Amino acid sequence: MKYLRAFAMFWWDFLIGDTPEIFIGIVVVLGIVALLGKGSSVQPFALAVLVIATVFVSVWVEFSRKVKASKK
Amino acid sequence: MSTYVLVAAVFLASCVEMVEALTIVLAAGTSRSWRSALEGSAAGIAVLTLLVVGIGPSLVKYVPIGSLRFIIGALLLIFGLQWLRKAILRSAGLKAMHNEDQIFEDEVKRLRSIPKSTSGRDSTAFAVAFKGVFLEGLEVVIVVLTLGLTNHKLLLASVSALAAVILVGIVGAIVSKQLSKVPENAMKMGVGLMLVSFGSFWSGEGMGVHWPASDASILLLLLAYSVATALMIRVLSWQYKGRLTSRGAV
């Protein structure tokens, strides 16, 4: 049980950790790309743009947090 | 061409993780016992090797390649974006740089405060070195398995990681405590960009995405992500400095 818990904790830390927005972002990105339909010519571009948007949102969240903290 | 990117990604990722592991091993060796620290490191590397040998071939044998590529691609995307995010924040001045010298000093101080055992092997040095190598190495194992399996180049990925371990070991033994000189953030950013490029490509392949330039699309993705990253660093650093200056904090 102890090892199972440690194993689950490892994957939780690895996939989610302190950046749940990245995990959620990637799930959403892959969902959208899948919905565009197999073989669609838009898929590769959509995937790249949405991945960039995900990292931008994640760094912007941290940026806002830092700015808020510096106000205090 | 993607083979070179694969080798570079695995090599750089292994270097970054091994520098972090080496800091812990050096601290354990300096403050406790070199013999036990080296034994702990060797045990850590042995367990990691067993993981690659044990898990790698079975995954290829039992999981359909399409599903494997999709799952591995998604994992690489999440993992790579975490590295990239950290590197962007550090480059933009929003996060402190990783200081290996400070970590080394803190670890030595902590380990010296633990009483030494009277028997031959220093169990603290062994456990600390093993844990350091194993935990840092797990990320390397994941990179080796994911990149190696999707490209059918598990052996090449393993050799690349092993070369990094040997190189960092030799350099570490020579420079000893000057690990802060390693351009860790730049390396982390490079690895993050490569992992995200591979992750996008393989998750796309797994979903049936038709890449216009086939395998060469990995390089195009790498280029697009590099440009976007450079822009993000510029914008963030400019915005952050601007806001701090307007508030008179700088």
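In this text, all values refer to a predicted model and were calculated from it rather than measured experimentally. Letters A, B, ... mirror the listed sequences (proteins, then strands); counts begin at 1.
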Colleague: Please round to the nearest 0.5 Å and tell me the distance separating atom CZ of A:F23 and atom CG of B:L81.
Modeller: 13.0 Å
Colleague: Are A:E62 and B:K86 within salt-bridge range, i.e. N to O under 4.0 Å?
Modeller: no
Colleague: So B:P212 and A:P44, do their side chains get closer than 4.5 Å, heavy atoms only?
Modeller: yes
Colleague: Mind checking the CZ-CG spacing from B:R85 to A:D18? Nearest 0.5 Å is all I need.
Modeller: 6.0 Å
Colleague: Quick one: closest heavy-atom pair of B:Y225 and A:A48, and the distance?
Modeller: OH-CA, 3.4 Å
Colleague: What are the two closest non-hydrogen atoms of B:G208 and A:Q43, and how far apart are they?
Modeller: O-OE1, 4.1 Å
Colleague: What distance separates B:I78 CD1 from A:I26 CD1, expressed to the nearest 0.5 Å?
Modeller: 6.5 Å
Colleague: Under 4.5 Å heavy-atom distance to chain A, tell me which part of B:F201 shows up: side chain, backbone, both or neither.
Modeller: neither
Colleague: Can you tell which of A:L47, A:V27, A:I16, A:V29 has the highest number of heavy-atom pairs within less than 4.5 Å of chain B?
Modeller: A:L47
Colleague: Mind checking the CG-OG1 spacing from B:L84 to A:T54? Nearest 0.5 Å is all I need.
Modeller: 11.5 Å
Colleague: Please round to the nearest 0.5 Å and tell me the distance separating atom CZ of A:F63 and atom CG of B:L89.
Modeller: 11.0 Å
Colleague: Given a strict heavy-atom distance threshold of 4.5 Å, which part of A:S40 is in contact with chain B: side chain, backbone, both, or neither?
Modeller: neither
Colleague: Please give me the minimum heavy-atom distance between A:V33 and B:M207, naming the atom from each residue.
Modeller: CG1-CE, 3.6 Å
Colleague: Given a strict heavy-atom distance threshold of 4.5 Å, which part of A:L36 is in contact with chain B: side chain, backbone, both, or neither?
Modeller: neither
Colleague: Out of curiosity, B:M232 CE to A:W60 CH2, how far, rounded to the nearest 0.5 Å?
Modeller: 11.5 Å
Colleague: Is the shortest side-chain heavy-atom distance between B:V196 and A:V55 below 4.5 Å?
Modeller: no
Colleague: Could you look at B:L236 and say if it's the side chain, the backbone, both or neither that has a heavy atom under 4.5 Å from chain A?
Modeller: both
Colleague: Begin from the C-alpha positions of A:F14 and B:I142 and carry the test side chain to side chain contact (heavy atoms under 4.5 Å, CB included) through to its verdict.
Modeller: CA-CA 10 Å; A:F14 179 68; B:I142 289 165; 3.7 Å; yes
Colleague: If you compare all heavy atoms of B:S203 against all heavy atoms of A:L30, which two are closest, and at what distance to 0.1 Å?
Modeller: OG-CD2, 3.8 Å
Colleague: Counting only non-hydrogen atoms closer than 4.5 Å, does B:L135 touch chain A with its backbone (N, CA, C, O), its side chain (CB onward), both, or neither?
Modeller: neither
Colleague: Taking all heavy atoms of A:V51 and all of B:S200, pick out the closest pair and write down the distance.
Modeller: CG2-OG, 4.1 Å
